[in-house]
Amino acid sequence: MDELKHKILGLLNKQTPKIPSMGFSDANYQFLQPGTLSINSKTVTEVNRPADQDILESIEKAYFSVSEDFDICRFELSKLPEYLDCDDIQRDFKRLKQQHQVVANKVLQLILEQTANCEEEFLRVLEVRDRLAETLASCRVSRRELNVAEHQFSSSLSILANYRKRKLVQNLLNNLNTIKTLHCTGQRLQELLSEENYAGAIELLQECQAAANTYRHFTCVASLTNKLQETLQDTEEKLDKVLAQMCFYFDSVRYAKLQSAYKLLGKTQIAMDHLHMHYSSAIYNTALNIVRVHATSADVHETAADVSERKPYDKLCLRIEEGMFIPCLVELCKSLFKIVLSYHQLRRWHFSLDDSSDDLEDNFNVQYVKQKLESGLMKMWHDVQSKVSVLLLNGNLASYKFDQFVVILGVVHRLMEVGEEFCGSKSDDLQESIRKQSFNYFKNYHVQRLDELRIFLENESWELCPVKATFDVLQLQEFKPLRSILKTYKMKPYANTPDCSSSNNSQDGSSIVGERTDLLWHLHRGSFSGNYFLRYSEHGTPFDRSLDESVVQEDILATGDEGGGYFSDETDDESEELKQDFVDDYDNIQRSSPEKKEKRPSKSPILTNTSLSLLRQIGKYLQMSQLLRPIAFDVIMCMTQLFDFYLYTVHLFFASDLTVASAALYSLKLNGTLKRIADSLILDGESSDFSKIPKPHLSPIVDLNRSDTLHGLSERVAAVESLIFLAKQYEFLQGYLEYLLPPNNKILLQQFFQQTIVASTDLRRPIYMCVAARAFDLRQNLMAMSKINWEVKDVMSQHNSYIDVFLREVQIFRIRLEEISSGIPVSGDVQNLLWESIAHIITHTLVQGFSEAKRCTNGGRALMQLDFTQFLSKFEKISSLRPVPHREYVENYVKAYYLPDSELERWIREHCEYSSKHLYGLVSCACQNNKKTRQKLIQLIEELERSAQR
């Protein structure tokens, strides 16, 4: 079988395939086949023959291959099985024969269809051949004619060529001169830059660049173009450096030249963006350098080894020592103010330009610059206050003295005023940082001041501190910064309104610790104060004044009629009308005090060393409240605690030895005030509240037991009257204190004035009552009265001897009071209150003695009236007190003896001022013969006593 396959393949290799190669020739095969099947295509029956399209679709894809390596015969032989079957071979052959026949017919059909197109295309080829022949003939004619022209015009063309060469040489010479000029522009450019003619330098560079661009085909000019571009970049860098210098000192002339140069460059907007970046860098670098200079730690200063490792700004702030903090803060504020001033002048320069132009691009640039400057205000101020805030928050201010802390407050306050004028900012970051530091500082400071006040009070001798008759709190050094404010605050709205959120000092730029009047309020109203950017536009800063001002010596202890020579020159410049208005306001407040009817005494006010020290503390607290509006309420409430503790101490020291009943001596306000102070401020034995202080103890040097000094009357007068003088000073400051607080925080302050300040005057009665009660031997007097026989039948004309004892003790009291008055001024109100207290003691002692009478007749009652009448007549002459207080207390009691039994019951119900003991004595004497009525009235008295206790 294999030999047969090789023979067949050999025959096929000799056979040339037809197109398409679909089968084999009939002569190549000599098979014996059945009679019904023939391999000749002409003998193939057409019965059941498929359609041509189906036959085409049945052709295998391999027959359509375009590869030259494809062998049809091998392809068909490869499909033969291992064992050949003649029927299968015959059938496959027939199939291939049909496919070949159909493909040949299809190809012939397509050829016939494209015959017309082929003939048409052949005609076009012939036409192209004819045209090429004509073109060849034309070229031959043109060449012959050009040869003729060359012979005829060769001389004329040589002339034209020479002329062209001449022109080229001339142009080359001009180009060389231009190139020479371009090479020499560097020197001229440097001259223009040194003359600060930046616009001329830019114009020259632009002209050179245009010329270089024209001659860029020259090799030397190409290198010159690169040099000009580098020169332009260097020039822009110089412009940028000059622009950066504007951040520290604004020069309108130089800046105008810069703007002209940037306009020529077409970089007006870019220049403005760069300028804002320069301002941000200037703020950062300035703050960093100042803090680094003042940081004294060894590891802060840069060396060659740690230049690359610079410490952050906040870490440097932690390294500033206590003694360097204030100079660092002032220096930082000075430098930052100069930067802010430069920006302010820059903005004003741009807004003062005439922006009316027909050029749309110029108008757009102008509007862009203005918008950029407006938006940069808040950002720049935020950078400024953030640097100062970081320095404040990283500083340890707890150990600073008050004056030093006030200096810091003044610097920050002045800086906030600058921010208010610069961009209308409230400087929230600064306020929050100084509020935190101030709150922590003031909390510790107030505890220390309370403890200091306690120590002062425990060591106070309660002697008169001699001051001038014209003394008031404004003469104290601590009130110096507040003088102008106290004169002008009434003309201004509430302190925290937008127009009055900050304050400024007087027109001469007083010190930071100096007078601080409201900057913007004066500025908006055309006043003389404020406008830092105008006042310091040429030189100086608001922080240049010395912060360690020498303290002017106070002239409050001098004698004479002159006023306090303490006031500084700045107050002398004020108008007399303003001074007079202020004096009138002060006098009105003094007259509106609880002692409204009393004229201002010509004598000096009564002050002690402690009360004077307390007034100084008040001045310091007011400075804090003025500079620290966010914590002004806390400061003012602490200031009221100083007064509370002074009042409580005066009562504790000088009213604790009261020997008589005190219920009628204390007003409701005084009782409530003392209880409130004891609960909120005084530390009891078991409590550990650090906000409270322990009870003070009276100094051993103060003797309240000597009768020759009326049991410390001078000390009591100094204590009580100094307290009342303090109350008047608080009343004087009341309006300003309310001005510092928002409306919702004024209630507590008003309660303080309506209760505590008013109650300070009520403290006179119990303290002076101690003197009056101890000036008489009441026990001895009552024993003398108990020996009197009140059962006399006839009316006697001579009073009893105990009245003489009372009058003699009153005369002694008067003599001692006059002696004490020579050493300490005792006002008429105090003297009247002392005599009233004596009248109170004696009248109540008389009633007490009368009530102890076991039996009493009508003659005895007449004798009681005679004794009291004799006492009144003498007492009025000695005390000059008319009418004598409490006389009705004795007269009503004596007259009650004459009342019938029916009226006596009603009288007992109506007169509750008498004690039960007094009423028992009255009933026993009046109803001594009527036991039933006596029992009835005694039961009534017991019921009234029980109802009073409930």
I'd like to check the salt bridge (charged side-chain N to carboxylate O under 4.0 Å, His left out) partners of E145; sequence neighbours left out, ordered by chain and number.
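Not a single residue meets the salt bridge (charged side-chain N to carboxylate O under 4.0 Å, His left out) criterion with E145.
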Salt-bridge criterion met for E127 and R124 (N-O under 4.0 Å)
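Salt bridge: no.
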Side-chain ion pair, K370 and E374, N-O less than 4.0 Å
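No, no charged N to carboxylate O under 4.0 Å.
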Might you point out which heavy atoms bring [X] and [Y] nearest each other, and give the distance in Å?
| X | Y | result |
| --- | --- | --- |
| S342 | C247 | CB-O, 3.4 Å |
| C423 | M378 | SG-SD, 3.6 Å |
| Y262 | L243 | OH-CD2, 4.0 Å |

When N365 is tested against each of K267, Q259, Q269 for side-chain hydrogen bond (donor to acceptor under 3.5 Å, both in side chains), which residue passes?
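By the side-chain hydrogen bond (donor to acceptor under 3.5 Å, both in side chains) criterion, N365 pairs with just one of K267, Q259, Q269: Q269.
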Answer yes or no: is there a donor N or O on one side and an acceptor on the other, between the side chain of [X] and the main chain of [Y], under 3.5 Å?
| X | Y | value |
| --- | --- | --- |
| Q99 | L56 | no |
| Q98 | I55 | no |
| S537 | L534 | yes |
| S375 | K372 | yes |
| D88 | L84 | no |
| S335 | L332 | no |
| Y313 | K387 | yes |
| N394 | V390 | yes |

For F351, does the six-membered ring have the charged nitrogen or CZ of R347 within the cation-pi criterion, i.e. under 6.0 angstrom from the centroid and within 45° of the normal?
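Judged by the rule (NZ or CZ under 6.0 Å from the ring centre, within 45° of its axis), R347 counts as positioned above F351.
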Exercise: do [X] and [Y] side chains pair donor with acceptor under 3.5 Å:
| X | Y | answer |
| --- | --- | --- |
| N147 | R144 | no |
| H350 | Y255 | yes |
| T268 | Y368 | no |
| Q431 | D428 | no |

I need the [X] [atom1] to [Y] [atom2] distance, nearest 0.5 Å.
| X | Y | atom1 | atom2 | result |
| --- | --- | --- | --- | --- |
| L239 | L265 | CG | CG | 7.0 Å |
| M380 | L373 | CE | CG | 11.0 Å |
| E134 | S138 | CD | OG | 7.5 Å |
| I339 | H278 | CD1 | NE2 | 13.0 Å |
| I59 | D54 | CD1 | CG | 11.5 Å |
| Q385 | L430 | CD | CG | 5.0 Å |

Between I89 and L80, does a side chain to side chain contact (heavy atoms under 4.5 Å, CB included) hold up when you go through it step by step?
CA-CA 8 Å; I89 294 174; L80 292 177; 4.3 Å; yes
Close side-chain approach of [X] and [Y], heavy atoms under 4.5 Å:
| X | Y | value |
| --- | --- | --- |
| K167 | Y163 | yes |
| L336 | L415 | no |
| E60 | F75 | yes |
| R143 | R140 | no |
| L346 | M246 | no |
| H344 | E421 | no |
| R129 | V125 | no |

Do Q101 and N105 pass the side chain to side chain contact (heavy atoms under 4.5 Å, CB included) test, and can you show the C-alpha distance, the side-chain angles, and the key distance before you say yes or no?
CA-CA 6 Å; Q101 183 178 359; N105 292 336; 3.8 Å; yes
Do other residues, nucleotides or ligands put more than 12 heavy atoms under 6.0 Å from the [atom1] atom of [X]?
| X | atom1 | result |
| --- | --- | --- |
| K165 | NZ | no |
| K338 | NZ | no |
| F364 | CZ | no |

Apply side chain to side chain contact (heavy atoms under 4.5 Å, CB included) to the pair W349 and L353, showing each step before the final yes or no.
CA-CA 7 Å; W349 185 88; L353 295 178; 3.6 Å; yes
Stepwise, does the salt bridge (charged side-chain N to carboxylate O under 4.0 Å, His left out) test hold for D383 with K379?
CA-CA 6 Å; D383 293 342; K379 181 181 182 301; 3.6 Å; yes
Proximity of F337 and F533 rings by center, below 6.0 Å
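Centroid distance F337-F533: below 6.0 Å, so yes.
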Between Y343 and F422, what is the ring plane arrangement, given parallel below 30°, perpendicular above 60°, and tilted in between?
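It falls in the perpendicular class, over 60°.
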Verdict with reasoning, V242 to K257, per side chain to side chain contact (heavy atoms under 4.5 Å, CB included)
CA-CA 11 Å; V242 177; K257 294 178 180 179; over 6 Å; no
